[in-house]
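Computed from a predicted structure; not experimentally measured. Computation of the quantities below employed the complete heavy-atom set of this structure, encompassing side-chain atoms and omitting hydrogens, waters and symmetry-equivalent molecules.
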Amino acid sequence: MSGKLYRTDLNDELATGIVSAARTSLGDTLRSVLYFTPSAFDILYLRQDLYDSTADARDAKAQLVEFEQAGFSEVPVRTAIARKESSSDIGDYEFTVRFHESGFVVRVLQRDVGVLLTIDSMDVNAFEDAAVAIQGLLHGE
């Protein structure tokens, strides 16, 4: 897939690395992988049993991405609050896991890019493996 097909400035190597990290950590429970910026998003991976077409998937994922783009403004605030609590320092913001009735959404942000993972119900320990691996890829961008 050529980088020119992406709506963001994502390159093929990073896209492949993100999907590989997510698939390795989360396996067949992984539903989708989305890469996003404050103004655009790309679907990097979509499990075959979910949507009839890429257009249907984009329509379905657009609202989720729009909601999660708010995270770009949250990160500095969350980090500043965590640092102010010197007696109970919880550290900088790393990633968000949203629990839903039948699955999860994981959001990983690094500077002005992010990755969303949608996952079926599973053991939550694998989320950290996936998020840490993706953080490393985004940081090295």
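Shortest non-hydrogen contact noted between Ala133 and Ala21 is CB-CB, 3.7 Å. The minimum heavy-atom distance linking Ser25 with Ala126 is given by the pair O-CB, 3.4 Å. Of all heavy-atom pairs between Leu10 and Ala15, the closest is CD2-CB, 3.6 Å. Heavy atoms only, all atoms of each residue included: Val33 and Ala22 are closest at CG2-CB, 4.0 Å.
Taking CZ of Phe95 as the reference point, atom CG of Leu116 lies at 13.5 Å (rounded to 0.5 Å). The line from CD of Glu94 to CD of Glu128 is 7.0 Å long, rounded to the nearest 0.5 Å. Between atom CG of residue Leu34 and atom CZ of residue Arg58 there is a gap of 9.0 Å, rounded to the nearest 0.5 Å. Between the CD1 atom of Ile119 and the OG atom of Ser102 there is a distance of 13.5 Å, given to the nearest 0.5 Å.
Other residues, nucleotides and ligands contribute more than 12 heavy atoms inside 6.0 Å of the CD atom of Glu74.
Put simply, the residue from Leu138, Ile134, Ile43 that forms a side chain to side chain contact (heavy atoms under 4.5 Å, CB included) with Tyr35 is Leu138.
Hydrophobic clustering (ILVMFWY, side-chain heavy atoms < 4.5 Å, transitive): Val132 and Leu30 are in distinct clusters. Put simply, Phe67 and Val106 are part of two different groups of oily side chains (I, L, V, M, F, W, Y) that touch within less than 4.5 Å, one to the next.
Counting heavy atoms from C-beta on, the side chains of Phe36 and Gln69 come closer than 4.5 Å. Within the 4.5 Å cutoff, the side chain of Tyr51 has heavy atoms near those of the Lys61 side chain. In this structure, the side chains of Arg107 and Leu117 stay at 4.5 Å or more apart for every pair of heavy atoms.
Under 4.0 Å is where a charged nitrogen must lie from a carboxylate oxygen, and between Asp120 and Arg47 at least one such pair does. Ion pair Asp28/Arg23 flagged as a salt bridge, since at least one NZ, NE, NH1 or NH2 atom sits closer than 4.0 Å to an Asp/Glu carboxylate oxygen.
Asp42 places no side-chain N or O within donor-acceptor distance of the main-chain N or O of Leu44, the cut-off being under 3.5 Å. In this structure a side-chain-to-backbone donor-acceptor pair under 3.5 Å is missing from Gln135 to Val108. Of the possible polar contacts, one joining the Thr24 side chain to the Ser20 backbone as a donor-acceptor pair under 3.5 Å is found. The closest donor-acceptor contact from the side chain of Thr29 to the backbone of Leu26 lies under 3.5 Å.
Outside the 6.0 Å centre-distance limit, the rings of Tyr6 and Phe41 are not counted as a close aromatic pair.
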Test side-chain contact (heavy atoms from CB on, under 4.5 Å) applied to Leu46 and Leu50, step by step
CA-CA 7 Å; Leu46 189 62; Leu50 297 178; 4.0 Å; yes
In sequence, state the C-alpha distance, the side-chain angles, and the governing distance for Thr16 and Val19, and then conclude on side-chain contact (heavy atoms from CB on, under 4.5 Å).
CA-CA 5 Å; Thr16 300; Val19 171; over 6 Å; no
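Checking Thr118 against Ser32 by side-chain atom types alone, a donor-acceptor pair falls below 3.5 Å.
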